[in-house]
Amino acid sequence: MDDISRRALLAATAAGGAVAVANAAGAQGADTIPQPQRPGHGGTDPGPRNLARDRQNPDLLVPPATDHGTLPNLRFSFSDSHLRQESGGWTRQVTTRELGISKNIAGVNMRLNAGGVRELHWHKAAEWAYMLYGTARITAIDSQGNNFVDDVGVGDLWYFPSGVPHSIQGLNPDGCEFLLVFDDGDFDEDNTFLLSDWFKHTPNDVLAKNFGVSGSAFGHVPDPGELYIFSNAAPGALASDKIAGAKPVPQSFSHRMMAQEPIKTKSGTVRITDTRLFPVSRTISAALVEVQPGGMREMHWHPNADEWQYYIEGQARMGVFAASGQARTFDFSAGDVGYVPFAMGHYVENTGTTPLRFLEVFNSSYYADVSLSQWLALTPPELVQAHLKFDQQTLAAFRKEKVPVVPG
């Protein structure tokens, strides 16, 4: 059998299999295989197609009729990122390379096993972090030689300003996982300043002169390829890593976000952390949003910065309005990143049956949002009625107080 005949046979077999699958699906229910159509619009997709992706993104397959225009992609999943595996854990990142619209913020998802160390390093971008799992020990010094050592757990934050050298280590019993956010969309974790890398590229006699020891002392410094994220024994109690006589940093590099009293509504909570509560975090502010099933992060926009999102758990739908008739809708699951460019109106709806939790992160010292409902409630009703032709009952329903999470 020649190549052309073999390909024809394989194509026919595949087509027959597709028909069989379609017939089986029809027997199980018309909605088993989603199709890119709604009444009077679209049509079926015989394939090839990625059904798993279509099921994860129903609002891309069948956009709401209100979607319009060519708004760029505002979603990327860490599951689609390259994962770098090392002896002490793993790491992956979402930068402008993966999500082109995100010019001001990049994100890194990292796992450190118990004892695993993210090598002593520093970088040009400031680093903000949210702990997702387990516990970690973080260390740093500032430019005045003040010292910082702390243990952080789930829901805790840290922030290391640009140029501040630091380390992270997973603690017993099972290390940690965390999200890192950097105030530069072009950040690349492979371009950090590593301790071992500088030693490798400095002559031994210079090292000896700098530290006042023999040059032979530097003969066993590991190659940078052996470190980055490497295995080590888990440290003891926090007190054992305190440096005698060291002065503490004047502003803590860590913050207990979950200890904050949240803004509570009938259908969720919001915790906002910016320089008012975490003074050292001068370039990153954030909100942790929890939405109960059926609830929604209200229609709003941010007057001061783009919004970078990380979805921690649950399922969500986000609609974004970009002016000039531009609007798109995206679907999100745990581990996904979302993005809303500066000043664009949007909402985030819980489309699942379990609580939705996600982070809103901003390259700004302060958090700010404008509520659509509050704006209309605090505008003379005659003016609003002239624009939208609402009746008095509808106008009276608008809320003068901001309600960040509204019920279904």
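What you see below is based on every heavy atom in this structure, not just the backbone, and it leaves out hydrogens, waters and symmetry mates.
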Arg282 with Asp183: basic N within carboxylate O range, under 4.0 Å: no
Matching residue for Thr91 among Glu189, Arg84, His82 - test: side-chain hydrogen bond (donor to acceptor under 3.5 Å, both in side chains): Glu189
Between Ser214 and Ser216, a side-chain donor and acceptor under 3.5 Å: yes
pair Ile229-Leu112: side-chain heavy atoms closer than 4.5 Å: yes
Derivation and outcome, ring pair (Phe, Tyr, Trp, His ring centres under 6.0 Å), residues Phe253 and His166: CA-CA 10 Å; Phe253 290 144; His166 55 278; 8.9 Å; no
Arg328/Asp67 under salt bridge (Lys or Arg N to Asp or Glu O under 4.0 Å): CA gap, chis, key distance, verdict: CA-CA 5 Å; Arg328 279 191 73 182; Asp67 277 15; 5.6 Å; no
side-chain contact (heavy atoms from CB on, under 4.5 Å) between Lys200 and Val221, intermediate numbers included: CA-CA 8 Å; Lys200 180 182 179 179; Val221 174; over 6 Å; no
Side chain Thr394, main chain Phe390, donor-acceptor under 3.5 Å: no
Option among Val149, Ile168, Asp156 that satisfies the side chain to side chain contact (heavy atoms under 4.5 Å, CB included) test with Ile138: Ile168
Heavy-atom side-chain proximity of Ile263 to Ile272 below 4.5 angstrom: yes
Reported CE-to-CE distance for the pair Met299 and Met296, which is rounded to 0.5 angstrom: 6.5 Å
Side chain to side chain, Phe332 and Tyr311, heavy atoms closer than 4.5 Å: yes
Any donor-acceptor pair under 3.5 Å from Asn350 side chain to Val291 backbone: yes
Minimum side-chain heavy-atom gap Thr135-Asp151 below 4.5 Å: no
Salt bridge flag under 4.0 Å for residues Arg137 and Asp150: no
Audit row: Gln37, His41, side-chain hydrogen bond (donor to acceptor under 3.5 Å, both in side chains) steps and yes/no: CA-CA 6 Å; Gln37 61 183 356; His41 297 81; over 6 Å; no
CG-CD1 distance between Asp306 and Ile101, expressed to the nearest 0.5 angstrom: 7.5 Å
Working for side-chain contact (heavy atoms from CB on, under 4.5 Å), residues Arg399 and Val406: CA-CA 11 Å; Arg399 300 174 296 272; Val406 296; 3.4 Å; yes
Side-chain H-bond candidate by donor/acceptor type, Glu119 with Ser196, under 3.5 Å: yes
Between CD on residue Gln309 and NE2 on residue His346, distance to nearest 0.5 Å: 6.0 Å
Under the ring-ring contact (aromatic ring centres under 6.0 Å, His included) test, residues paired with His255 that sit two or more places apart: Phe278
Passing candidate, ring pair (Phe, Tyr, Trp, His ring centres under 6.0 Å) with Phe178, options Tyr130, Trp158, Tyr133, Trp128: Trp158
Pairing residues for Tyr228 by the ring-ring contact (aromatic ring centres under 6.0 Å, His included) criterion, not counting sequence neighbours: none
Flag, side chain of Thr192 to backbone of Leu194, donor-acceptor distance under 3.5 Å: no
Side chain Ser81, main chain Gln93, donor-acceptor under 3.5 Å: yes
Gln374 side chain vs Ser371 backbone, donor-acceptor pair below 3.5 Å: no
Criterion salt bridge (Lys or Arg N to Asp or Glu O under 4.0 Å) on Arg75 and Asp80, from CA distance to verdict: CA-CA 11 Å; Arg75 175 193 174 278; Asp80 292 328; 5.2 Å; no
Expected output: side-chain Lys103 to main-chain Gly100 donor-acceptor under 3.5 Å: yes
Note, Val337 side chain near Ser77 side chain (heavy atom, < 4.5 Å): no
Under 3.5 Å donor-acceptor, Asp336 side chain and Ser333 backbone: yes
Heavy-atom neighbours of Trp375 CH2 exceed 12 at 6.0 Å: no
Student check: side-chain heavy atoms of Pro250 and Asn146 closer than 4.5 Å: yes
N-O pairing of Arg111 and Glu177 below 4.0 Å: no
Pairing residues for Tyr310 by the ring-ring contact (aromatic ring centres under 6.0 Å, His included) criterion, not counting sequence neighbours: Phe78
Carboxylate-amine/guanidinium proximity below 4.0 Å for Lys124 and Asp184: no
Spatial distance of atom OH (Tyr159) from atom CD1 (Ile284) [nearest 0.5 Å]: 6.5 Å
Nearest-0.5 Å distance that lies between atom CD in Gln260 and atom CZ in Arg271: 7.5 Å
Ser252 side-chain N/O to Ser254 backbone N/O, donor-acceptor pair under 3.5 Å: yes
Derivation and outcome, ring pair (Phe, Tyr, Trp, His ring centres under 6.0 Å), residues Tyr347 and His300: CA-CA 7 Å; Tyr347 63 86; His300 67 285; 9.4 Å; no
Leu74 vs Phe330, side-chain contact (heavy atoms from CB on, under 4.5 Å): CA-CA, chis, key distance, verdict: CA-CA 8 Å; Leu74 301 177; Phe330 299 87; 3.8 Å; yes
Trace of the side-chain hydrogen bond (donor to acceptor under 3.5 Å, both in side chains) decision for Ser167 with Thr139: CA-CA 5 Å; Ser167 72; Thr139 73; 2.6 Å; yes
Backbone of Asn104 reached by a side-chain donor or acceptor of Asn363 within 3.5 Å: yes
Heavy-atom side-chain contact between Phe199 and Phe218 under 4.5 Å: yes
Pair Arg97 + Asp188, salt bridge at N-O below 4.0 Å: yes
CH2-CZ distance between Trp308 and Phe182, expressed to the nearest 0.5 angstrom: 10.0 Å
Trace of the ring pair (Phe, Tyr, Trp, His ring centres under 6.0 Å) decision for His302 with Phe362: CA-CA 9 Å; His302 301 281; Phe362 306 87; 4.5 Å; yes
Any donor-acceptor N/O pair, Ser102 side chain to Gly185 backbone, under 3.5 Å: no
Salt bridge Asp369-Lys402, side-chain N to carboxylate O under 4.0 Å: yes
Heavy-atom check, side chain of Gln35 versus side chain of Asp45, under 4.5 Å: yes
CA sep, side-chain torsions, deciding dist, call: Val181, Leu179, side-chain contact (heavy atoms from CB on, under 4.5 Å): CA-CA 7 Å; Val181 174; Leu179 174 75; 4.1 Å; yes
